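All of these numbers come straight from a predicted model, not from anything done at the bench.
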2 protein chains.
Amino acid sequence: MSSVDRVYSEVRAMAAAFEFKPDERINELRLAKFVGTSRTPLREALNRLVAEGFLTYRNGQGFFCRSLEPGGIMNLYEARIAVECEGIRLASERAEDVEITALRSYLHWIEPIYRGDAGPEKLVELDEEFHLKIIRLSANSELERMLVNLNARSRFVRRIDMEKRRAITPADHLAIVRALSIRDPAAATERMRQHITRRREEALAAVRNAFSRLYVSQGAM
Amino acid sequence: MSSVDRVYSEVRAMAAAFEFKPDERINELRLAKFVGTSRTPLREALNRLVAEGFLTYRNGQGFFCRSLEPGGIMNLYEARIAVECEGIRLASERAEDVEITALRSYLHWIEPIYRGDAGPEKLVELDEEFHLKIIRLSANSELERMLVNLNARSRFVRRIDMEKRRAITPADHLAIVRALSIRDPAAATERMRQHITRRREEALAAVRNAFSRLYVSQGAM
DNA sequence: TTACACAGAGCTGTATACAATTTCAAGCGA
DNA sequence: TCGCTTGAAATTGTATACAGCTCTGTGTAA
């Protein structure tokens, strides 16, 4: 694994968790030393992150953390609706029965963890994984790529949201899988839309609280 | 404008037009000289293009042109359906009446060009612009960003398709705007889906012919 | 003839150097 | 006090150097 890939993953995780404060300028030399490399591979990684929407770039001024506005979060959730609703529609046409059965098993498999003492990171991870499994059933790598990106960029907010809720409510997920298993694209799409919309409303409320913690916490940098 | 941005635009246009052959390895030194810069800013631009799906990267081997498979093209069109159907749904809720009127005017404005002797590039450009205008009415910059990316990556195929058809058939576009203007999200979404699906079928046929020309033509590199 | 080993050329991955630009703070004047 | 100027320090943008890896073609042996 090359330095660029390693640095990319590391900085991406930092950006996803807003360890850079919104709109904060990124000092290349400092960050390069922090991740243990030189500016050249770091800048290559930063350029990827610009293309993926994690950072912004202004000529002559360098790289900046993306800003965190409620409107921007809304946009991410709406984009998720676009991707996931079409994804589940395709999945309901293309998935093998055995794959849907496996999905249902996964839900039952992780249910004890819901009720256990898993931390918010773990809960978000399980939730993302469920949605990813559905997208994969659409057999469309573009939709999957888009969802991976949207997940990473909204993870911070979802984590905050999960902290408040303390649990995943599995009812939505079960209803989605049920619609999928009876091959009802319209119902599956509608369930998915409602599900994500609900989460969006929660997240929107959560993000307002998020501001405070962002500007207080002193990250590793 | 920095060298990275300039190089990025230049190489992006080359990649979009498949001036690199599918799966072809990109020689950094040669390309750097060709675009008049050194390897450092070139590689930064190439990394952005990897993140956007124009190129691939294998460690120790460098950058490669994306491959051109019918399945990959299908995926792009399906992703367009996801983005544009949700986009027009939001647009039908959010657009001002005056904006929809402007959209209709645009269609009438470009109609003479359809019938004129515009080249295929021009026709594709006008078609892309129409779809972009709709997405912008959704007021969601994420959806817009996604569409811009998908457009660029499928432009090559659409150009080939347009060459065969020699014209845009404005009926689809008119029907879409009509559904939008009466604020009927379901109808607008369905029109859009049908429209893109039709284009997808044509493109799929066109892409098979495209292979030959790709491997015959000697690009600038 | 085919498979493998090897050497050389060529290319990529990373670090570093340096020029150009921006930032920031101190100084100055209104 | 506020705004502007100015200059040094810091930071970014680009080129280049070089180490290490990959690829290719030749030679050799089975």
Novice: Would you please say whether a donor-acceptor pair under 3.5 Å links the side chains of Tyr57(B) and Glu44(A)?
Specialist: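 Checked: Tyr57(B)/Glu44(A) side chains show no N/O donor-acceptor pair below 3.5 Å.
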Novice: Please pick, from dG13(D), dA15(D), dT12(C), the nucleotide with the shortest atom-to-atom distance to any side-chain atom of Thr40(B).
Specialist: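 Per side-chain heavy atoms of Thr40(B), the pick is dA15(D).
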Novice: So, Arg153(B) and Asn149(B): side-chain donor and acceptor under 3.5 Å apart, yes or no?
Specialist: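 Judged by distance alone, the side chains do pair up.
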Novice: Between P on dC23(D) and CD on Glu28(B), what's the gap in Å once rounded to a whole number?
Specialist: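 One finds 14 Å between P of dC23(D) and CD of Glu28(B), rounded.
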Novice: In this structure, how many angstroms lie between the C1' atom of dT12(C) and the CG atom of Asn59(B), rounded?
Specialist: 9 Å
Novice: Could you tell me the separation between the CZ atom of Arg48(B) and the C1' atom of dG13(D), rounded to a whole number of Å?
Specialist: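 Arg48(B) atom CZ is separated from dG13(D) atom C1' by 13 Å.
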Novice: Between dA15(C), dT12(C), dT22(D), spot the one nearest the side chain of Thr37(A), thanks.
Specialist: dA15(C)
Novice: Looking at CZ of Arg193(A) and SG of Cys85(A), how far apart are the two atoms once the value is rounded to the nearest 0.5 Å?
Specialist: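 Reported to 0.5 Å precision, the distance equals 4.5 Å.
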Novice: Is it the case that dG10(C) (base atoms only) and Arg30(B) (side chain only) share a donor and an acceptor within less than 3.5 Å, ignoring hydrogens and angles?
Specialist: no
Novice: Rounded to the nearest angstrom, tell me the gap between atom CD in Glu44(B) and atom P in dG13(D).
Specialist: 8 Å
Novice: Please determine if Arg155(A) and Asp161(A) form a salt bridge, counting it only when a charged side-chain N lies under 4.0 Å from a carboxylate O.
Specialist: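 Result for this pair is no, no salt bridge flagged.
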Novice: Taking CG from Leu31(B) and P from dC11(C), how many angstroms apart are they, rounded to a whole number?
Specialist: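 So the two atoms are 13 Å apart, to the nearest Å.
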Novice: Quick check for you: among dT12(D), dT14(C), dG13(C), whose closest atom lies nearest to any side-chain atom of Tyr57(B)?
Specialist: dG13(C)
Novice: Rounded to the nearest Å, what distance is computed from the CZ atom of residue Arg39(B) to the C1' atom of nucleotide dG13(D)?
Specialist: 17 Å
Novice: Mind calculating the distance between CG (Leu29(B)) and P (dA9(C)) to the nearest angstrom?
Specialist: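 Result: 17 Å.
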Novice: Which part of the nucleic acid, if any, lies within contact of Arg25(B), taking any heavy atom under 4.0 Å across all strands shown: a base, the sugar-phosphate backbone alone, or nothing?
Specialist: sugar-phosphate
Novice: Could you tell me whether Ile26(A) contacts a base, only the sugar-phosphate backbone, or nothing, with contacts defined as non-hydrogen atoms closer than 4.0 Å?
Specialist: sugar-phosphate
Novice: Nearest to the Gln61(B) side chain among dG13(C), dC23(D), dC11(C), which nucleotide is it?
Specialist: dC23(D)
Novice: Please determine if a side-chain N or O atom of Arg43(A) lies less than 4.0 Å away from the OP1 or OP2 oxygen of dT12(D).
Specialist: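 No.
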Novice: Among the nucleotides dT16(C), dT11(D), dT14(D), which one has an atom lying closest to any side-chain atom of Ser38(A)?
Specialist: dT16(C)
Novice: Within this structure, what is the CZ-to-C1' distance between Arg6(A) and dG13(C), rounded to whole angstrom?
Specialist: 13 Å
Novice: Can you see which heavy atom on Tyr106(A) is nearest to which on Leu126(A), and at what distance?
Specialist: OH-O, 3.5 Å
